[in-house]
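One structure is given below, encoded as structure tokens.
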Amino acid sequence: MKRKKNRKVVTWRIEKSDPELTERLNAWCDSQKNVNQSLTIMVENLIKIFGYQDINNFEVQEVLHKLKQGNRNIEIAGQDKNSGSVPHNRVIDKDPYVDDSIKSTDADDILNAIDNDNEFFK
């Protein structure tokens, strides 16, 4: 089992290889009254939405991309509101333009038979 770290300081290096990104990040930092507090608030909100998943997780990135596109009809399936965790990393897209009349296929039946509690998927 991994030992949990009790961090008191986390450093953040602003990317130097992309000048446009560097400029945007510095402009954002300059507009904050307290950068530390702003970053903490952002992380707290991400935890409420996604739990303790890696922000680079495909499902998380997919939801963030849809939010950037203006789709606000998204919920995280199985999210425990108390712990902030998402047990199976499933995202439900409640986009009203999805055609729900399409019947499931044999491939869907195979995928539905996967045991998400299997150690391989953790």
Side-chain angles (χ1 to χ4, degrees):
M1 185 173 190
K2 261 187 174 176
R3 185 175 161 251
K4 294 181 181 179
K5 297 177 183 175
N6 188 13
R7 294 176 180 89
K8 297 200 185 298
V9 175
V10 176
T11 59
W12 177 38
R13 292 178 196 226
I14 294 179
E15 185 65 43
K16 291 182 180 179
S17 63
D18 183 348
E20 290 178 15
L21 176 61
T22 301
E23 187 175 327
R24 287 194 312 269
L25 293 174
N26 277 305
W28 181 85
C29 288
D30 292 343
S31 68
Q32 304 306 304
K33 189 187 287 187
N34 182 327
V35 175
N36 180 51
Q37 187 178 39
S38 297
L39 289 171
T40 300
I41 290 168
M42 285 187 347
V43 171
E44 286 177 338
N45 282 294
L46 287 171
I47 290 169
K48 287 177 186 174
I49 297 168
F50 298 111
Y52 298 99
Q53 296 184 72
D54 184 345
I55 196 73
N56 293 307
N57 177 313
F58 177 79
E59 288 84 9
V60 172
Q61 287 296 309
E62 187 175 34
V63 171
L64 291 173
H65 177 72
K66 287 180 180 183
L67 289 172
K68 281 195 303 190
Q69 301 302 319
N71 185 351
R72 302 196 188 285
N73 294 318
I74 297 172
E75 75 177 52
I76 309 300
Q79 181 164 357
D80 180 349
K81 298 292 185 190
N82 297 324
S83 70
S85 66
V86 181
H88 300 299
N89 300 336
R90 291 186 180 164
V91 176
I92 296 176
D93 186 351
K94 289 187 168 183
D95 189 337
Y97 302 105
V98 173
D99 184 4
D100 291 330
S101 65
I102 299 172
K103 302 294 181 204
S104 67
T105 65
D106 291 338
D108 291 333
D109 294 336
I110 290 170
L111 294 174
N112 289 333
I114 293 174
D115 179 10
N116 290 316
D117 294 325
N118 186 312
E119 287 294 316
F120 179 77
F121 296 106
K122 292 183 181 180

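Everything quoted here is computed from the prediction, not taken from an experiment.
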For this session: Answer yes if V35 and L25 sit in the same cluster of Ile, Leu, Val, Met, Phe, Trp and Tyr residues linked by side chain heavy atoms under 4.5 Å apart, and no otherwise.
Result: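 V35 clusters together with L25.
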Exercise. If Ile, Leu, Val, Met, Phe, Trp and Tyr residues are connected whenever their side-chain heavy atoms lie under 4.5 Å apart, and connections chain through other members, are Y52 and V10 in the same group?
Worked result: no
Return the [atom1] to [atom2] distance between [X] and [Y], rounded to the nearest 0.5 Å.
X: L46; Y: I41; atom1: CG; atom2: CD1; value: 12.0 Å
X: E62; Y: L67; atom1: CD; atom2: CG; value: 11.0 Å
X: N36; Y: W12; atom1: CG; atom2: CH2; value: 11.5 Å
X: N45; Y: T40; atom1: CG; atom2: OG1; value: 11.0 Å
X: D54; Y: E59; atom1: CG; atom2: CD; value: 11.0 Å

Exercise. So does E23 have more than 12 non-hydrogen atoms from other groups sitting under 6.0 Å from CD?
Worked result: no
For this session: Please say whether more than 12 non-hydrogen atoms of neighbouring residues, nucleotides or ligands are located less than 6.0 Å from CD in Q69.
Result: yes
Seminar exercise, completed: With sequence neighbours left out, the residues meeting side-chain contact (heavy atoms from CB on, under 4.5 Å) with V43 are I47
Exercise. Can you find a pair of side-chain heavy atoms, one from N57 and one from F50, that are under 4.5 Å apart?
Worked result: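 No. Closest side-chain heavy atoms not under 4.5 Å.
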Problem set entry | Heavy-atom pair of closest approach, residues I14 and C29 | CD1-SG, 4.4 Å
For this session: For Q61 and I55, work out which heavy atoms get closest and say how close.
Result: NE2-O, 2.6 Å
